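Working notes for the structure below.
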Amino acid sequence: MIITHDTRCALEAVVDLLNTAPEGEAPEAPDSLTDLAALEDFVRRHAVSGVGALGAGDLATVRSVRARFARVFAAADDRGAAEQLNALVASAGTTPQLTDHDGYDWHVHYFAPGASVADHLAADGGMALAFLVVAGERERLRHCEAPDCRHAFVDLSRNRSRRYCDSRTCGNRLHVAAYRARRREAAG
């Protein structure tokens, strides 16, 4: 599956946005998108282009987009994901435009010029997710299988075998725990 640079960046932004949400009722995993400074940091980290000054309204609408992305990840099937994506992308007023900026070659922006940060994320992220549905690759939208982590991720591995949001943390922690359990069992 070929994923362009801009699509990969949009998918990374979607996943990062989803992972700012609290994980259930766990107090150790609070919402990390609670104020304007956190939103500004998110925009900076993902080099979201064409975003002017952010306000409190932007925070609320981005959190709303985050909830809509969560429904796409939670959809039971492609039709459900497609319905969510169609509504999300339509609400963002998509206006595909070819652009080359900031040292990047030609790529497509799906948000209208002057769009809010929420519409920008909804349009570009929604289209990136739509490409996965169209390619028959929706199963790549996953949540970490570690019992104490439910972070979202997009499995872009060749054989679709990724199980953890981060193999160095969640995956390694579970592998070490399993190894130690086998050692205890063998010793006892």
Side-chain angles (χ1 to χ4, degrees), residues 1-48 59 62-85 88 121 124-188:
M1 179 171 165
I2 298 172
I3 296 181
T4 61
H5 172 74
D6 52 316
T7 300
R8 184 178 299 269
C9 289
L11 290 171
E12 289 170 359
V14 167
V15 166
D16 192 25
L17 182 61
L18 284 170
N19 291 335
T20 65
E23 294 179 35
E25 300 302 316
E28 66 276 1
D31 191 327
S32 62
L33 192 60
T34 57
D35 58 23
L36 208 46
L39 179 58
E40 289 168 345
D41 182 55
F42 177 88
V43 167
R44 199 171 21 262
R45 246 187 358 262
H46 290 283
V48 179
L59 180 62
V62 167
R63 290 176 76 176
S64 175
V65 167
R66 177 180 70 183
R68 295 177 83 178
F69 282 141
R71 290 194 290 272
V72 172
F73 269 68
D77 56 24
D78 287 352
R79 184 161 307 283
E83 288 169 2
Q84 293 293 326
L85 287 167
L88 179 64
L121 293 169
D124 277 359
M127 289 304 299
L129 293 170
F131 293 146
L132 290 177
V133 172
V134 168
E137 301 284 352
R138 190 182 61 82
E139 74 276 0
R140 290 179 182 273
L141 305 179
R142 299 195 178 157
H143 286 92
C144 185
E145 290 183 17
D148 58 342
C149 179
R150 292 298 299 150
H151 275 146
F153 68 94
V154 178
D155 179 5
L156 296 179
S157 67
R158 185 175 294 199
N159 62 358
R160 298 177 193 87
S161 62
R162 189 168 155 201
R163 298 175 48 209
Y164 306 109
C165 63
D166 185 348
S167 61
R168 290 180 305 258
T169 55
C170 290
N172 190 48
R173 188 175 64 248
L174 287 175
H175 288 108
V176 167
Y179 171 77
R180 288 180 179 159
R182 286 191 306 272
R183 298 274 302 192
R184 277 192 304 273
E185 188 177 304

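Here the structure is a predicted model, which is why all the values come from computation and not from measurement. Hydrogens, waters and symmetry mates play no part in the numbers below; they use all other heavy atoms, side chains included.
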For [X] and [Y], which heavy atoms make the closest approach, and how far apart are they?
X    : Y    : value
F153 : Y164 : CE2-C, 3.8 Å
R63  : L33  : CD-O, 3.4 Å
A152 : N19  : N-OD1, 2.7 Å
A38  : T34  : CB-N, 4.3 Å
A13  : L121 : CB-CD2, 4.4 Å

Side chain to side chain contact (heavy atoms under 4.5 Å, CB included) between F131 and I3, worked out: CA-CA 9 Å; F131 293 146; I3 296 181; over 6 Å; no
Apply the test side chain to side chain contact (heavy atoms under 4.5 Å, CB included) to residues V72 and V133: give CA-CA distance (whole Å), side-chain angles for both, the deciding distance (0.1 Å), then the verdict. CA-CA 10 Å; V72 172; V133 172; 5.8 Å; no
With respect to D155, which candidate in R140, R142, R162 satisfies the side chain to side chain donor-acceptor pair (under 3.5 Å) definition? R142
Say you draw a straight line from [atom1] of [X] to [atom2] of [Y]; how long is it, rounded to the nearest 0.5 Å?
X    : Y    : atom1 : atom2 : value
R44  : L39  : CZ    : CG    : 10.0 Å
R68  : L129 : CZ    : CG    : 12.5 Å
R150 : E145 : CZ    : CD    : 8.5 Å
D16  : F42  : CG    : CZ    : 5.0 Å
H46  : D41  : NE2   : CG    : 9.0 Å
C170 : D148 : SG    : CG    : 6.0 Å

Counting only N and O atoms by type, is there a donor-acceptor contact under 3.5 Å from the side chain of R138 to the main-chain atoms of A75?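 Looks like yes, one N/O pair under 3.5 Å.
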